[in-house]
K.L.:
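Can you keep this structure in mind? I'll have questions shortly.
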Protein chains: 2
Amino acid sequence: MSEHPPLNAEEAAFLENYNPKEYAPISFTVDMVVLTIRNGRLSILLVKRAGHPFKDFWALPGGFVEADESADEAAIRELVEETNISIDEVFVEQLKTYSNPNRDPRMRVISTAYLAFIPNLPTPQGGDDASEAHFFAVEDLFSSDEGISLAFDHATIIHDALERAASKLEYTPLATRFLESPFTLSDLRKVYEAVWGEELHAANFRRKVLSTGNFVKPLGEKGESKFDTGRTAELYVPGDVNILHPAILRSSLKD
Amino acid sequence: MSEHPPLNAEEAAFLENYNPKEYAPISFTVDMVVLTIRNGRLSILLVKRAGHPFKDFWALPGGFVEADESADEAAIRELVEETNISIDEVFVEQLKTYSNPNRDPRMRVISTAYLAFIPNLPTPQGGDDASEAHFFAVEDLFSSDEGISLAFDHATIIHDALERAASKLEYTPLATRFLESPFTLSDLRKVYEAVWGEELHAANFRRKVLSTGNFVKPLGEKGESKFDTGRTAELYVPGDVNILHPAILRSSLKD
DNA sequence: TCAAAAGTGTTTTTAGTACACCCATGG
DNA sequence: CCATGGGTGTACTAAAAACACTTTTGA
């Protein structure tokens, strides 16, 4: 992106003499909000913390940004470490940066959170650092009886991520990133239903998706029925568009 | 937001012994993208750099995040320092964090960029640190003949900010933050036209705004004509809604 | 009285919603 | 043959877009 421009003699001399003084120590980390659909429910990858602080609390996977990498690079590295996924089939984007000076009791830790959508992989994930990793259904996470305690400000991060994810599905074709190709329109509809937490009218959903230019591309084949009854559905692959027009809007927002 | 929870004895002992080791020095800064409408044109506040690196280049205003404040707090502090504006009439939100390890030649500088919308103030801005501050019309900024060289990766940041601003006007009532109250619907339409760079149909714009619940509230008065001709317009103040439904969409995105 | 901005009426087109109904498949 | 999911037809409603027209103002 931005290399510094050719130095003139004056600027070169300045940099020669520039000595980074002792700043208050700061750590820079990434936190990954990895979402997938499991058994029709929106689910999030969490790891159990092995050490202090927040020992034995569940936390977002993540780690330090190394000195020679950007946060984007660290996010992709962490995602591959945690999930062993091939990076071209996932969606990753920066979510937000959290910098409350007290968010980590040890020292100042600035964390840039990333949002990732991955298909539900048969391959078990298992990071190196993570003592224990598990996908939790989002609707269980915040129901008080379940009693899952989250480390740091990760509950806040997850709330922000869920709102972003719901919004992304409205204006972009990224719902397909939760699915392996090819998929049926029912599969796609269930992604929307899981992320939005509302039921959609199947017939109208179908028409809306098909009338939204290049959202999905028909394969012209039918898959095998995934149920013990019902007609077999046609198969689709993702189209090549980046924004949806018209958008597919949540009805729950309309009032 | 997130204070750390009550410590148990074990965690207290851990923190007692925790000694932040010497990390590679990192600086944490905020960069402000301050937008306003001047003479009907979307404009951005830039400051001329007094020192190296990028001496005499134009740059986004900003500064270090102090040890005891969050980036959000630093952003508001910087905005007040640069513009002397009263903070409750402006919109500020986090844009994105830029962390390329080479974005500053001195050392690693992580910068969280913020987006702010302010009304066009008669009061002249003038920060303390800024040797020179100036609002530039955005359309001039990137026209090559104008020849404005931007420091660091600030051109990238500005591009991201402009896209975010255009998008914010579609789904939120934040266009009103560019205006002082009360305002006319023409004033509001000119904000949209300046930010989107496209002309809007005045009659339809009026109907759309008035049919979008609580976007604006009629004052029941008429102002003085701001032109040398034409009917005087009714006055409005911002309504109390956070998202627009239906949204007001750019037509330029529809294909 | 003329030009230009403010505001209203109306029609056409497009998109969202609801509901009825047919099709294909496994049990 | 029947329950169930896949898929089509159609009518109704809401919103977007285009265009003609009236109102109000300063010069």
Side-chain angles (χ1 to χ4, degrees), chain A residues 40 169-171 179 182-194 196 198-216 218-236 241 243-255, chain B residues 40 169-171 179 182-193 196 198-216 218-236 243-255:
Chain A
L169 262 51
E170 296 188 306
Y171 306 107
L179 299 171
F183 49 82
T184 69
L185 294 185
S186 280
D187 295 333
L188 188 61
R189 194 186 73 243
K190 281 164 189 156
V191 170
Y192 278 88
E193 292 176 335
W196 288 351
E198 67 184 54
E199 299 227 319
L200 299 179
H201 184 126
N204 289 339
F205 178 82
R206 171 191 179 78
R207 262 183 296 246
K208 214 186 280 195
V209 168
L210 294 181
S211 71
T212 295
N214 284 322
F215 184 4
V216 295
L219 216 53
E221 303 167 27
K222 287 168 180 289
E224 304 155 40
S225 174
K226 290 167 200 158
F227 306 90
D228 58 354
T229 180
R231 183 170 168 177
T232 56
E234 291 187 72
L235 297 176
Y236 296 84
V241 79
I243 67 156
L244 298 184
H245 184 80
I248 297 180
L249 299 175
R250 285 174 276 185
S251 56
S252 53
L253 282 190
K254 293 191 181 166
D255 307 286
Chain B
L169 261 52
E170 295 188 305
Y171 306 108
L179 300 171
F183 50 82
T184 68
L185 294 185
S186 279
D187 295 333
L188 188 62
R189 193 186 74 244
K190 280 165 189 154
V191 171
Y192 277 89
E193 291 177 335
W196 287 352
E198 67 184 53
E199 299 226 320
L200 298 179
H201 188 290
N204 288 340
F205 179 81
R206 170 190 179 78
R207 262 184 297 248
K208 215 187 280 195
V209 168
L210 294 181
S211 72
T212 296
N214 284 324
F215 185 5
V216 297
L219 215 56
E221 303 169 25
K222 287 169 180 289
E224 305 156 39
S225 175
K226 291 166 199 157
F227 306 91
D228 57 355
T229 179
R231 183 171 168 175
T232 56
E234 291 188 70
L235 297 176
Y236 296 83
I243 66 156
L244 297 184
H245 184 81
I248 297 181
L249 299 174
R250 284 173 276 185
S251 57
S252 53
L253 282 190
K254 293 191 179 168
D255 307 287

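Chain naming here is simple, since letters A, B, ... match the order of the sequence lines and numbering starts at 1 in each. When reading the values below, keep in mind they use all heavy atoms of this one structure, side chains included, and skip hydrogens, waters and symmetry mates.
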K.L.:
Output all residues satisfying side-chain hydrogen bond (donor to acceptor under 3.5 Å, both in side chains) with A/T184, sequence neighbours left out; order by chain, then residue number.
P.N.:
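If we apply the side-chain hydrogen bond (donor to acceptor under 3.5 Å, both in side chains) test to A/T184, skipping adjacent residues, the hits are A/D187.
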
K.L.:
If you take any heavy atom closer than 4.0 Å to DNA chain D, which residues from residues 200-207 of chain A end up in contact?
P.N.:
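Within residues 200-207 of chain A, the residues near DNA chain D are A/A203, A/R206, A/R207.
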
K.L.:
With sugar-phosphate meaning primed atoms plus P, OP1 and OP2, does A/S211 contact a base, only sugar-phosphate, or nothing at under 4.0 Å between heavy atoms?
P.N.:
nothing

K.L.:
Just the rounded figure in Å: distance from C1' of C/dA15 to NE2 of A/H245.
P.N.:
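Rounding to the nearest Å, NE2 of A/H245 and C1' of C/dA15 are 9 Å apart.
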
K.L.:
Report the residues that fulfil ring pair (Phe, Tyr, Trp, His ring centres under 6.0 Å) with B/F205, sequence neighbours left out, ordered by chain and then residue number.
P.N.:
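Only B/Y192 meet the ring pair (Phe, Tyr, Trp, His ring centres under 6.0 Å) criterion with B/F205.
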
K.L.:
To the closest 0.5 Å, what do you measure between CD1 (A/I243) and CG (A/N214)?
P.N.:
12.0 Å

K.L.:
Would you say B/V191 and B/L169 make side-chain contact, with heavy atoms under 4.5 Å?
P.N.:
yes

K.L.:
Less than 4.5 Å apart, any side-chain heavy atom of A/L210 and any of A/F215?
P.N.:
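A/L210 vs A/F215: side chains apart.
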
K.L.:
Indicate, with a heavy-atom threshold strictly under 4.0 Å, whether A/T184 touches base, sugar-phosphate, or nothing.
P.N.:
nothing

K.L.:
According to side chain to side chain contact (heavy atoms under 4.5 Å, CB included), who are the partners of A/A202, at least two apart in sequence or on a separate chain?
P.N.:
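If we apply the side chain to side chain contact (heavy atoms under 4.5 Å, CB included) test to A/A202, skipping adjacent residues, the hits are A/R189.
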
K.L.:
What is the distance from CG of A/L249 to P of D/dA16, rounded to the nearest Å?
P.N.:
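The distance from CG of A/L249 to P of D/dA16 comes to 11 Å, rounded to the nearest Å.
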
K.L.:
In whole angstrom, give the distance that lies between atom CZ of A/R250 and atom P of C/dT17.
P.N.:
14 Å

K.L.:
Could you state the atom-to-atom distance from CZ of A/R189 to P of D/dT4 in whole Å?
P.N.:
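So the CZ-P distance, A/R189 to D/dT4, works out to 15 Å.
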
K.L.:
Can you check each nucleotide of nucleotides 22-27 of chain C against protein heavy atoms at under 4.0 Å and return B for base, S for sugar-phosphate only, - for none, in 5' to 3' order?
P.N.:
-BBBSS

K.L.:
Going by side-chain hydrogen bond (donor to acceptor under 3.5 Å, both in side chains), name the residues that satisfy it together with B/R207, two or more places apart in sequence or in a different chain.
P.N.:
B/N204

K.L.:
According to side chain to side chain contact (heavy atoms under 4.5 Å, CB included), who are the partners of A/E198, at least two apart in sequence or on a separate chain?
P.N.:
A/W196, A/L200, A/R250, A/S251, A/S252

K.L.:
Which one, C/dA5, D/dG7, D/dA15, comes nearest to the side chain of B/P246?
P.N.:
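Closest of the options to the side chain of B/P246: D/dA15.
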
K.L.:
Given atom CD1 of A/I248 and atom P of C/dG16, what is their separation to the nearest angstrom?
P.N.:
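A/I248 atom CD1 is separated from C/dG16 atom P by 9 Å.
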
K.L.:
Atom CG of B/L210 and atom P of D/dA15: how far apart are they, to the nearest Å?
P.N.:
14 Å

K.L.:
Has A/S251 got a side-chain N or O lying under 4.0 Å from the OP1 or OP2 atom of C/dT17?
P.N.:
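Negative; the distance criterion is not met.
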
K.L.:
Separation of B/D187 atom CG from C/dG7 atom P, in whole Å?
P.N.:
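Whole-Å distance recorded here is 11 Å.
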
K.L.:
Under the side chain to side chain contact (heavy atoms under 4.5 Å, CB included) rule, collect the residues that match up with A/E234, sequence neighbours excluded.
P.N.:
A/R206, A/K222, A/Y236

K.L.:
Nearest-Å distance, CD (A/E199) to C1' (D/dG5)?
P.N.:
14 Å

